[in-house]
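Encoded as C-alpha coordinates, the structure appears first; notes follow it.
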Amino acid sequence: MRRGDHQPTERVGPTSLALTALAVAGGIAVLLGAQPVVVTIPVAAAVALAVLLAMTDRRAVRTEEALRDAEFKAGALFRDLRQQMEARENLESRLTWRSRLGSMRRASQNDALSDPETGLLPESWLIASVSSRIASGRRRLTPMAVVMLEVLERADLDEPDPLQPTLTARAIATCLREADGAFRLHDGGFALVLDDTDDMGALVVTRRVGESLEEWWPGAVVRAGVACYPAHGLTAEDILERSGEALEEARRWPQHRIEVAPAEH
(Lines give C-alpha, C1' and ligand atoms only; values in the text may rest on other atoms or scores of the structure.)
Protein backbone atom coordinates (compact mmCIF):
# COMPACT_ATOMS: atom_id res chain seq x y z
CA MET A 1 0.00 0.00 0.00
CA ARG A 2 1.39 3.40 -0.96
CA ARG A 3 1.90 6.11 1.62
CA GLY A 4 -1.16 8.28 1.85
CA ASP A 5 -3.62 5.52 0.73
CA HIS A 6 -6.44 4.92 3.20
CA GLN A 7 -8.09 1.52 3.55
CA PRO A 8 -11.40 1.17 5.42
CA THR A 9 -11.08 -0.80 8.63
CA GLU A 10 -13.55 -3.10 10.35
CA ARG A 11 -15.22 -1.26 13.19
CA VAL A 12 -17.47 -2.69 15.89
CA GLY A 13 -19.94 0.10 16.50
CA PRO A 14 -22.78 0.63 18.97
CA THR A 15 -25.25 -0.86 16.45
CA SER A 16 -23.43 -4.22 16.31
CA LEU A 17 -23.21 -4.33 20.08
CA ALA A 18 -26.90 -3.49 20.45
CA LEU A 19 -27.87 -6.16 17.87
CA THR A 20 -25.77 -8.76 19.67
CA ALA A 21 -27.30 -7.77 22.99
CA LEU A 22 -30.83 -8.10 21.55
CA ALA A 23 -30.03 -11.52 20.09
CA VAL A 24 -28.67 -12.74 23.38
CA ALA A 25 -31.64 -11.25 25.24
CA GLY A 26 -34.02 -12.91 22.76
CA GLY A 27 -32.31 -16.27 23.21
CA ILE A 28 -32.58 -15.96 26.97
CA ALA A 29 -36.22 -14.95 26.69
CA VAL A 30 -36.97 -18.06 24.57
CA LEU A 31 -35.20 -20.26 27.08
CA LEU A 32 -37.27 -18.69 29.83
CA GLY A 33 -40.48 -19.56 27.98
CA ALA A 34 -41.32 -16.41 26.02
CA GLN A 35 -43.07 -16.73 22.68
CA PRO A 36 -40.66 -16.61 19.72
CA VAL A 37 -42.84 -14.08 17.91
CA VAL A 38 -42.49 -11.66 20.81
CA VAL A 39 -38.71 -11.89 20.51
CA THR A 40 -38.69 -11.73 16.69
CA ILE A 41 -40.26 -8.26 16.51
CA PRO A 42 -37.51 -6.29 18.35
CA VAL A 43 -34.82 -8.41 16.73
CA ALA A 44 -36.20 -7.60 13.26
CA ALA A 45 -36.38 -3.93 14.18
CA ALA A 46 -32.80 -4.07 15.37
CA VAL A 47 -31.70 -5.76 12.14
CA ALA A 48 -33.43 -3.08 10.06
CA LEU A 49 -31.81 -0.35 12.14
CA ALA A 50 -28.41 -2.02 11.74
CA VAL A 51 -28.81 -2.15 7.96
CA LEU A 52 -29.81 1.52 7.88
CA LEU A 53 -26.86 2.57 10.02
CA ALA A 54 -24.48 0.44 7.93
CA MET A 55 -25.68 2.23 4.79
CA THR A 56 -25.23 5.57 6.55
CA ASP A 57 -21.71 4.58 7.61
CA ARG A 58 -20.78 3.62 4.02
CA ARG A 59 -22.13 6.97 2.82
CA ALA A 60 -20.03 8.74 5.46
CA VAL A 61 -16.92 6.86 4.27
CA ARG A 62 -17.62 7.84 0.66
CA THR A 63 -18.16 11.45 1.76
CA GLU A 64 -14.82 11.48 3.58
CA GLU A 65 -13.07 10.09 0.51
CA ALA A 66 -14.76 12.72 -1.66
CA LEU A 67 -13.61 15.45 0.77
CA ARG A 68 -10.02 14.18 0.67
CA ASP A 69 -10.13 14.11 -3.10
CA ALA A 70 -11.54 17.66 -3.15
CA GLU A 71 -8.80 18.86 -0.78
CA PHE A 72 -6.13 17.31 -3.01
CA LYS A 73 -7.58 18.96 -6.10
CA ALA A 74 -7.91 22.29 -4.27
CA GLY A 75 -4.24 22.07 -3.22
CA ALA A 76 -3.19 21.39 -6.82
CA LEU A 77 -5.28 24.31 -8.06
CA PHE A 78 -3.76 26.58 -5.40
CA ARG A 79 -0.22 25.61 -6.43
CA ASP A 80 -1.04 26.23 -10.09
CA LEU A 81 -2.58 29.59 -9.21
CA ARG A 82 0.46 30.60 -7.17
CA GLN A 83 2.80 29.68 -10.02
CA GLN A 84 0.68 31.68 -12.46
CA MET A 85 0.69 34.68 -10.10
CA GLU A 86 4.49 34.52 -9.75
CA ALA A 87 4.88 34.27 -13.52
CA ARG A 88 2.57 37.25 -14.01
CA GLU A 89 4.45 39.26 -11.37
CA ASN A 90 7.76 38.55 -13.11
CA LEU A 91 6.26 39.56 -16.44
CA GLU A 92 4.80 42.76 -14.99
CA SER A 93 8.16 43.57 -13.41
CA ARG A 94 9.95 43.18 -16.74
CA LEU A 95 7.30 45.24 -18.52
CA THR A 96 7.56 47.96 -15.85
CA TRP A 97 11.33 48.02 -16.20
CA ARG A 98 11.11 48.26 -19.99
CA SER A 99 8.52 51.02 -19.71
CA ARG A 100 10.68 52.97 -17.25
CA LEU A 101 13.72 52.45 -19.42
CA GLY A 102 11.88 53.64 -22.51
CA SER A 103 10.57 56.70 -20.69
CA MET A 104 14.03 57.47 -19.34
CA ARG A 105 15.56 57.15 -22.78
CA ARG A 106 12.98 59.47 -24.29
CA ALA A 107 13.38 61.97 -21.45
CA SER A 108 17.15 61.99 -21.74
CA GLN A 109 17.68 61.85 -25.48
CA ASN A 110 20.10 64.75 -25.27
CA ASP A 111 21.96 63.33 -22.27
CA ALA A 112 25.21 61.50 -22.72
CA LEU A 113 25.19 57.79 -21.91
CA SER A 114 27.97 58.43 -19.44
CA ASP A 115 29.33 61.37 -17.50
CA PRO A 116 32.00 62.96 -19.78
CA GLU A 117 34.33 63.72 -16.87
CA THR A 118 34.29 60.45 -14.97
CA GLY A 119 32.85 57.89 -17.40
CA LEU A 120 30.21 56.90 -14.83
CA LEU A 121 26.49 56.69 -15.57
CA PRO A 122 24.59 59.98 -15.27
CA GLU A 123 22.04 60.68 -12.55
CA SER A 124 19.19 60.43 -15.08
CA TRP A 125 19.66 56.63 -15.09
CA LEU A 126 19.77 56.27 -11.32
CA ILE A 127 16.10 55.78 -10.46
CA ALA A 128 15.63 53.25 -13.26
CA SER A 129 18.62 51.25 -12.04
CA VAL A 130 17.40 51.25 -8.44
CA SER A 131 13.90 50.20 -9.53
CA SER A 132 15.36 47.32 -11.52
CA ARG A 133 17.47 46.12 -8.58
CA ILE A 134 14.45 46.29 -6.26
CA ALA A 135 12.32 44.27 -8.69
CA SER A 136 15.07 41.67 -8.93
CA GLY A 137 15.50 41.59 -5.15
CA ARG A 138 11.76 41.12 -4.69
CA ARG A 139 11.80 38.06 -6.95
CA ARG A 140 14.94 36.55 -5.42
CA LEU A 141 14.21 37.69 -1.82
CA THR A 142 17.56 39.48 -1.65
CA PRO A 143 18.44 43.02 -0.47
CA MET A 144 20.00 45.88 -2.40
CA ALA A 145 21.73 49.03 -1.20
CA VAL A 146 22.20 52.62 -2.34
CA VAL A 147 25.17 54.69 -1.16
CA MET A 148 25.18 58.45 -1.64
CA LEU A 149 28.67 59.85 -1.12
CA GLU A 150 30.86 62.88 -1.55
CA VAL A 151 34.65 63.14 -1.36
CA LEU A 152 36.33 66.33 -0.14
CA GLU A 153 39.93 67.52 -0.02
CA ARG A 154 39.70 69.70 3.10
CA ALA A 155 36.56 68.91 5.06
CA ASP A 156 37.70 71.09 7.97
CA LEU A 157 37.19 74.28 5.94
CA ASP A 158 33.89 76.15 5.88
CA GLU A 159 33.62 75.56 2.14
CA PRO A 160 35.75 72.47 1.38
CA ASP A 161 36.63 71.62 -2.20
CA PRO A 162 35.48 68.35 -3.75
CA LEU A 163 38.24 65.95 -4.66
CA GLN A 164 39.05 65.61 -8.34
CA PRO A 165 36.13 63.53 -9.69
CA THR A 166 38.33 61.25 -11.80
CA LEU A 167 40.18 60.09 -8.67
CA THR A 168 36.92 59.29 -6.91
CA ALA A 169 35.59 57.48 -9.99
CA ARG A 170 38.76 55.39 -10.24
CA ALA A 171 38.55 54.40 -6.55
CA ILE A 172 34.89 53.46 -6.96
CA ALA A 173 35.64 51.35 -10.03
CA THR A 174 38.23 49.29 -8.13
CA CYS A 175 35.76 48.45 -5.34
CA LEU A 176 32.57 47.50 -7.24
CA ARG A 177 31.47 44.27 -8.85
CA GLU A 178 30.13 43.92 -12.38
CA ALA A 179 26.57 43.63 -11.02
CA ASP A 180 26.87 46.97 -9.19
CA GLY A 181 26.45 50.46 -10.61
CA ALA A 182 28.14 53.83 -10.09
CA PHE A 183 26.58 57.20 -10.96
CA ARG A 184 27.71 60.82 -11.08
CA LEU A 185 25.12 63.16 -9.59
CA HIS A 186 24.19 66.63 -10.80
CA ASP A 187 25.57 68.24 -7.62
CA GLY A 188 29.00 66.64 -8.13
CA GLY A 189 28.44 63.78 -5.71
CA PHE A 190 28.28 60.06 -6.44
CA ALA A 191 25.83 57.22 -5.96
CA LEU A 192 26.53 53.49 -5.73
CA VAL A 193 23.85 50.88 -6.44
CA LEU A 194 24.90 47.58 -4.86
CA ASP A 195 23.12 44.40 -5.90
CA ASP A 196 22.36 41.67 -3.31
CA THR A 197 23.90 43.81 -0.55
CA ASP A 198 22.61 44.76 2.90
CA ASP A 199 23.67 47.74 5.02
CA MET A 200 26.71 45.96 6.47
CA GLY A 201 27.94 45.05 3.00
CA ALA A 202 27.42 48.64 1.87
CA LEU A 203 29.52 49.87 4.80
CA VAL A 204 32.35 47.54 3.78
CA VAL A 205 32.28 48.75 0.16
CA THR A 206 32.21 52.42 1.18
CA ARG A 207 35.14 51.96 3.56
CA ARG A 208 37.11 50.31 0.77
CA VAL A 209 36.47 53.32 -1.44
CA GLY A 210 37.74 55.60 1.34
CA GLU A 211 40.86 53.47 1.87
CA SER A 212 41.65 53.50 -1.86
CA LEU A 213 41.29 57.29 -1.97
CA GLU A 214 43.57 57.78 1.03
CA GLU A 215 46.29 55.79 -0.73
CA TRP A 216 46.13 58.08 -3.77
CA TRP A 217 45.24 61.34 -2.05
CA PRO A 218 46.03 61.50 1.69
CA GLY A 219 43.64 63.77 3.54
CA ALA A 220 40.61 63.03 1.38
CA VAL A 221 37.44 62.74 3.43
CA VAL A 222 34.51 60.54 2.48
CA ARG A 223 31.00 61.26 3.72
CA ALA A 224 28.28 58.79 2.79
CA GLY A 225 24.68 57.85 3.46
CA VAL A 226 23.39 54.26 3.12
CA ALA A 227 19.85 52.96 2.64
CA CYS A 228 18.75 49.44 1.72
CA TYR A 229 15.77 47.59 0.32
CA PRO A 230 13.68 46.35 2.08
CA ALA A 231 14.94 47.58 5.47
CA HIS A 232 14.60 51.29 4.67
CA GLY A 233 11.93 51.37 1.97
CA LEU A 234 10.11 49.40 -0.70
CA THR A 235 10.41 51.74 -3.69
CA ALA A 236 13.27 53.42 -5.53
CA GLU A 237 12.02 56.83 -4.41
CA ASP A 238 12.03 55.73 -0.76
CA ILE A 239 15.55 54.29 -0.90
CA LEU A 240 17.01 57.32 -2.68
CA GLU A 241 15.34 59.72 -0.26
CA ARG A 242 16.53 57.80 2.82
CA SER A 243 20.11 57.53 1.55
CA GLY A 244 20.10 61.28 0.82
CA GLU A 245 18.89 62.00 4.35
CA ALA A 246 21.63 59.76 5.76
CA LEU A 247 24.22 61.70 3.72
CA GLU A 248 22.94 64.96 5.22
CA GLU A 249 23.54 63.49 8.67
CA ALA A 250 27.08 62.48 7.68
CA ARG A 251 27.81 66.04 6.53
CA ARG A 252 27.55 67.21 10.14
CA TRP A 253 30.94 65.64 10.83
CA PRO A 254 34.30 67.12 9.74
CA GLN A 255 35.96 63.71 9.26
CA HIS A 256 35.16 60.45 7.52
CA ARG A 257 31.56 59.54 8.25
CA ILE A 258 29.14 56.88 6.99
CA GLU A 259 25.54 57.12 8.18
CA VAL A 260 23.00 54.31 7.74
CA ALA A 261 19.35 55.32 7.52
CA PRO A 262 17.27 54.15 10.49
CA ALA A 263 15.16 51.06 9.80
CA GLU A 264 11.47 51.57 9.17
CA HIS A 265 9.10 50.25 11.83
Subject >> Residues E259, E248; criterion side chain to side chain contact (heavy atoms under 4.5 Å, CB included); working and verdict >> reply: CA-CA 9 Å; E259 289 285 344; E248 288 299 325; over 6 Å; no

Original post:
Would you say the side chain of V204 lies within less than 4.5 Å of the side chain of M200, judging by non-hydrogen atoms?
Top reply: no

Subject >> Side-chain (S132) to main-chain (A128) donor-acceptor, under 3.5 angstrom >> reply: no

**OP:** Check P165 against R184 and note the closest heavy-atom contact, atom names and distance.
**Re:** CG-NH2, 3.6 Å

Original post:
Are L247 and V226 connected in a single hydrophobic cluster, I mean Ile/Leu/Val/Met/Phe/Trp/Tyr linked by side-chain heavy atoms less than 4.5 Å apart?
Top reply: no

Original post:
Is R138 close to Y229 at the side-chain level, that is, under 4.5 Å between some pair of heavy atoms?
Top reply: yes

Original post:
Taking C-beta and beyond as the side chain, do F183 and F190 meet within less than 4.5 Å on heavy atoms?
Top reply: no

**OP:** Find out whether L194 and L176 are in side-chain contact, i.e. whether some heavy atom of one side chain is under 4.5 Å from a heavy atom of the other.
**Re:** yes

Original post:
Do I239 and L126 share a hydrophobic cluster, counting only Ile, Leu, Val, Met, Phe, Trp and Tyr and linking them when any side-chain heavy atoms are less than 4.5 Å apart?
Top reply: yes

Original post:
Could you give the distance from CG (L149) to OG1 (T168), rounded to the nearest 0.5 Å?
Top reply: 7.5 Å

Subject >> side chain to side chain contact (heavy atoms under 4.5 Å, CB included) assessment of M148 paired with L185 >> reply: CA-CA 9 Å; M148 296 284 190; L185 305 181; 3.7 Å; yes

**OP:** Could you give me the CA-CA distance, side-chain angles and deciding distance for E249 and R257, then say whether salt bridge (charged side-chain N to carboxylate O under 4.0 Å, His left out) is met?
**Re:** CA-CA 9 Å; E249 289 295 322; R257 187 70 180 180; over 6 Å; no

Subject >> L167 CG to E153 CD distance, which is reported to the nearest 0.5 Å >> reply: 8.5 Å

Original post:
Hey, is the main chain of A220 close enough, under 3.5 Å, to the side chain of H256 for a donor-acceptor pair?
Top reply: yes

Original post:
Shortest non-hydrogen contact from V260 to L203?
Top reply: CG2-CD2, 3.9 Å

Original post:
What closest approach, in Å, do A182 and L120 show between heavy atoms, and which atom pair accounts for it?
Top reply: O-CB, 3.7 Å

Subject >> Distance-minimising heavy-atom pair for A246 and A261 >> reply: CB-N, 4.0 Å

**OP:** Please name the pair of heavy atoms, one in T197 and one in C228, separated by the smallest distance, quoted to 0.1 Å.
**Re:** O-SG, 4.4 Å

Original post:
If you take all heavy atoms of C175 and V205, which pair is closest and at what distance?
Top reply: O-CG1, 4.2 Å

**OP:** Kindly say whether L240 contributes a backbone atom to a donor-acceptor pair with the side chain of S243 at under 3.5 angstrom?
**Re:** yes

Original post:
Below 4.5 Å, heavy atoms only, C-beta onward: do R133 and V146 meet side chain to side chain?
Top reply: no

Original post:
Heavy atoms, side chains only, cut-off 4.5 Å: are I134 and M144 in contact?
Top reply: yes

Subject >> Same apolar cluster (I L V M F W Y, side chains within < 4.5 Å links), V130/L234 >> reply: yes

Original post:
By salt bridge (charged side-chain N to carboxylate O under 4.0 Å, His left out), which residues pair with E245, not counting sequence neighbours?
Top reply: R242

Subject >> salt bridge (charged side-chain N to carboxylate O under 4.0 Å, His left out): pairs with one or both residues in residues 165-177, sequence neighbours excluded >> reply: R177-D180

Original post:
Got L152 and R223 here, is their nearest side-chain heavy-atom distance under 4.5 Å?
Top reply: yes

Subject >> Flag side-chain contact, heavy atom, 4.5 Å: Q164 against V151 >> reply: no

Subject >> Heavy atoms from other residues, nucleotides or ligands near CZ of R208 exceed 12 (cutoff 6.0 Å) >> reply: no

Original post:
Cluster question for you: counting only ILVMFWY and a side-chain heavy-atom cut-off of under 4.5 Å, with indirect links fine, are L192 and L121 together?
Top reply: no

Original post:
How many angstroms lie between CZ in F72 and CG in L77, if you round to the nearest 0.5 Å?
Top reply: 10.0 Å

**OP:** Give a yes-or-no answer on whether the side chains of R59 and T63 include a donor-acceptor pair shorter than 3.5 Å.
**Re:** no

Subject >> From CD (E215) to CD (E211), nearest 0.5 Å >> reply: 7.5 Å

Subject >> Derivation of the side chain to side chain contact (heavy atoms under 4.5 Å, CB included) call for W217 and L163 >> reply: CA-CA 9 Å; W217 198 273; L163 185 65; 3.5 Å; yes

Original post:
Can you tell me how far the OG1 atom of T206 sits from the CG atom of D199, to the nearest 0.5 Å?
Top reply: 11.0 Å

